[in-house]
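Both backbone and side-chain heavy atoms feed into the values below; hydrogens, waters and symmetry mates do not.
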Amino acid sequence: MTAPVFVVEHFRAGDGGRYVLDGPEGRHAVSVKRLRPGEDVVLTDGAGRWAECVVVDTEGKDRLIVHMDSVSEEPVPEPRITVVQALPKGDRGELAVETMTEVGVDAIVPWQAARCITQWKGDRGAKSLAKWRATAREAGKQSRRVRFPEVADAATGKQVAALLAGAGFAAVLHESGEEPLAAAELPTEGEIVLVVGPEGGVSPEELSLFAQAGARAYRLGPTVLRTSTAGTAAAALLLGRTGRWS
């Protein structure tokens, strides 16, 4: 899809397929994008439902009038790819979420690893989580997705282990891995869960916990990537190898 994407809460069109996009999304379409009659747009709920529409008119600075014929639903992709992302320093967390969303990751789980410098506690944690979710939404729109990635609540090591135990393929990116991720046998359905550690690395205790849950350590490549880029690189590899990029 090349038409700009806007998020809606519902798809209730009026007589003749008339639909009014208003609020912040309507303001962005009219005042920032400056869309004009005849241009194409895509409306989505971010959960897989979407509609191709044509701009009919504008009203004021924040109402875009479009014609909507029908609503479609994008199938849930298989296999589902979840990245457990250790909390990076500064704004590198939002960078990781943005690029993973762009490549096509289905879910992102913030992880408070033992060696994370960044701590999500109280109001700061709530604000940081909100930033990650807003970043996923905006990156989903920018990359023309109609099914945005879910950003879960921050997880503990035990919660990550439970997630790994239920996966069809569970991997931890770590230098101790004897097998490259590029050579791993991957499922064609179910869920792939990939753990990306912090800058200080995954601790021995966490590696042991995850191994007990069925996860194996894998190498990504000959170079060392930062935590904010490793998940994106690994996800791109998995998306290509599973055929989701074919």
Once you measure the plane-to-plane angle for F169 and Y218, does it fall in the parallel (<30°), tilted (30-60°) or perpendicular (>60°) bin? tilted

Flag yes if [X] and [Y] sit in one hydrophobic cluster, no otherwise; membership is Ile, Leu, Val, Met, Phe, Trp, Tyr, and two members link when side-chain heavy atoms are under 4.5 Å apart.
X	Y	answer
L181	L164	no
V109	V172	yes
V196	W120	yes
V71	V66	yes
L220	M100	yes

For [X] and [Y], work out which heavy atoms get closest and say how close.
X	Y	value
G240	W245	CA-CB, 4.1 Å
L129	P110	CD1-CG, 4.2 Å
T242	P187	CG2-O, 4.2 Å
P79	I192	CG-CD1, 3.8 Å
A51	S70	CB-O, 3.4 Å
P37	D57	CG-CA, 4.3 Å

Are the side chains of [X] and [Y] in touch, meaning some heavy atoms are under 4.5 Å apart?
X	Y	result
T229	T99	no
V146	V42	yes
V54	D40	yes
V193	V84	yes

May I ask you to decide whether [X] forms a salt bridge with [Y], counting only side-chain N to carboxylate O separations under 4.0 Å?
X	Y	result
R34	E39	no
E59	R18	yes
R216	E179	yes
K127	E94	no
D153	R133	yes
R80	E150	yes
D106	R244	yes

Let me confirm one number: the [atom1]-[atom2] distance from [X] to [Y], rounded to the nearest 0.5 Å.
X	Y	atom1	atom2	answer
E74	R49	CD	CZ	13.5 Å
L225	T223	CG	OG1	4.5 Å
C53	L64	SG	CG	9.0 Å
D69	E52	CG	CD	9.5 Å
I81	L239	CD1	CG	4.0 Å
R92	S228	CZ	OG	4.5 Å

Go through it in stages, so that I can follow the logic: the residues are S203 and E206, the test is side chain to side chain contact (heavy atoms under 4.5 Å, CB included), and I'd like the CA-CA distance, side-chain angles, deciding distance and then a yes or no. CA-CA 5 Å; S203 72; E206 289 166 334; 3.2 Å; yes

Hey, does the side chain of [X] reach the backbone of [Y] with a donor-acceptor pair shorter than 3.5 angstrom?
X	Y	answer
R27	V32	no
T227	G197	yes
S128	R124	yes
S31	H28	no
S208	E205	no
R219	G177	yes

What's the verdict on side chain to side chain contact (heavy atoms under 4.5 Å, CB included) for Y19 and H67, showing C-alpha distance, side-chain angles and the deciding distance? CA-CA 6 Å; Y19 186 94; H67 175 76; over 6 Å; no

Determine the sole option in L43, D22, T44 for which the side-chain contact (heavy atoms from CB on, under 4.5 Å) test with V8 is passed.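 That would be L43; it is the only one of L43, D22, T44 passing the side-chain contact (heavy atoms from CB on, under 4.5 Å) with V8.
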
Taking the six-membered ring for Trp, are F210 and W111 ring centroids under 6.0 Å apart? yes

Is there a salt bridge (Lys or Arg N to Asp or Glu O under 4.0 Å) between K89 and E199? Walk through the geometry before answering. CA-CA 9 Å; K89 296 180 292 185; E199 298 290 353; over 6 Å; no

Scan side-chain atoms only and decide if [X] and [Y] contain a donor-acceptor pair under the 3.5 Å cut-off.
X	Y	value
T156	Q112	no
E78	T188	no
E98	T101	no

Hey, is CD on Q142 packed in by over 12 heavy atoms from elsewhere, all under 6.0 Å?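 Yes, because the 6.0 Å sphere around CD of Q142 holds more than 12 heavy atoms from other groups.
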
Go through the steps to decide whether R115 and V202 satisfy the test side chain to side chain contact (heavy atoms under 4.5 Å, CB included), and finish with yes or no. CA-CA 7 Å; R115 294 177 176 174; V202 182; over 6 Å; no

What's the verdict on side chain to side chain contact (heavy atoms under 4.5 Å, CB included) for L35 and F6, showing C-alpha distance, side-chain angles and the deciding distance? CA-CA 12 Å; L35 296 176; F6 299 93; 3.8 Å; yes

Evaluate the criterion salt bridge (Lys or Arg N to Asp or Glu O under 4.0 Å) for residue pair D45 and R147; output intermediate values, then yes/no. CA-CA 8 Å; D45 62 0; R147 189 180 293 277; over 6 Å; no

